[in-house]
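Input: a single structure, listed below in structure tokens.
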Amino acid sequence: MEVRWEVLLIILGGAIMTFLPRTFPLVVLSKIEIPDWGIRWLKYIPVAILTALLAQELLPLEDNEHWEVSHLAAAAVCLIAGLLTRSLLLTVGVGIAVVMLYNMLQ
């Protein structure tokens, strides 16, 4: 099997561009002392990212978009499963199962 140089360079470039944004902040932040207010601020980043992703998926923002019942049902069930179990794996699994079950019944 022949490996084309263009494909190899694209794969290597993609690997580098994936690796750098993940490691650069770790290297920089490990070398400096972050104040207490900065640590408190950083704790809100995962919640803000998750909220943005959920809002983008659940809320119809365009005129031609509509509410997806399966997504809303999965979000509600995931919220309950997450609050009761505190298990990320179980919560994601329950959400996937709800969407699959809804689509199979349609």
Side-chain angles (χ1 to χ4, degrees):
M1 180 176 176
E2 180 182 345
V3 177
R4 294 183 17 211
W5 284 104
E6 303 89 32
V7 174
L8 183 62
L9 290 175
I10 289 171
I11 291 171
L12 289 175
I16 291 170
M17 291 310 295
T18 300
F19 180 74
L20 284 178
R22 293 171 191 243
T23 57
F24 183 72
L26 288 175
V27 171
V28 170
L29 292 176
S30 68
K31 303 288 184 202
I32 62 174
E33 183 70 27
I34 302 172
D36 288 338
W37 63 266
I39 297 294
R40 284 192 311 270
W41 181 79
L42 286 173
K43 289 181 181 180
Y44 290 106
I45 290 177
V47 175
I49 291 172
L50 181 61
T51 303
L53 291 172
L54 284 173
Q56 178 182 356
E57 188 63 32
L58 295 177
L59 302 175
L61 301 174
E62 302 290 329
D63 291 336
N64 58 351
E65 291 182 4
H66 57 280
W67 294 93
E68 291 285 339
V69 176
S70 64
H71 294 175
L72 292 172
V77 172
C78 283
L79 178 65
I80 293 167
L83 290 173
L84 292 177
T85 66
R86 304 280 184 193
S87 168
L88 178 62
L89 182 62
L90 184 65
T91 303
V92 171
V94 165
I96 291 171
V98 168
V99 172
M100 286 177 56
L101 183 64
Y102 182 85
N103 289 332
M104 284 187 341
L105 295 175
Q106 286 293 322

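Worth knowing before you read on, the calculation uses all heavy atoms, side chains too, and leaves out hydrogens, waters and symmetry mates.
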Leu58 CG to Leu53 CG distance, which is reported to the nearest 0.5 Å
10.5 Å
Among the clusters formed by ILVMFWY side chains lying less than 4.5 Å apart, do Val77 and Met100 turn up in the same one?
no
In this structure, CD1 of Ile96 is separated from OG1 of Thr91 (nearest 0.5 Å) by 11.0 Å
Going hydrophobic residue to hydrophobic residue with side-chain gaps under 4.5 angstrom, can you get from Leu42 over to Ile49?
yes
For Pro21 and Pro25, which heavy atoms make the closest approach, and how far apart are they?
O-CD, 3.1 Å
Straight-line distance of Ile16 CD1 to Leu12 CG, nearest 0.5 Å
6.0 Å
Pair Gln106, Met104 - check side-chain contact (heavy atoms from CB on, under 4.5 Å), show working.
CA-CA 6 Å; Gln106 286 293 322; Met104 284 187 341; over 6 Å; no
Examine Leu59 and Leu72 and state if one hydrophobic cluster contains both, with Ile, Leu, Val, Met, Phe, Trp and Tyr joined whenever side-chain heavy atoms are less than 4.5 Å apart.
yes
Could you state whether Tyr44 and Ile34 fall into the same hydrophobic cluster, counting links through intermediate Ile, Leu, Val, Met, Phe, Trp or Tyr residues with side-chain heavy atoms under 4.5 angstrom apart?
no
Would you say that more than 12 heavy atoms from the other residues, nucleotides or ligands in this model lie under 6.0 Å from the CD1 of Ile39, or not?
yes
Test of understanding: clusters of I, L, V, M, F, W, Y form through side-chain heavy atoms closer than 4.5 Å, transitively. Do Leu79 and Leu89 belong to the same one?
no
At their closest point, which heavy atom of Ala74 faces which heavy atom of Gly95, and how far apart are they?
CB-O, 3.8 Å
Looking at Asp36, I want to see if its CG is surrounded by more than 12 non-hydrogen atoms of other residues, nucleotides or ligands under 6.0 Å.
no
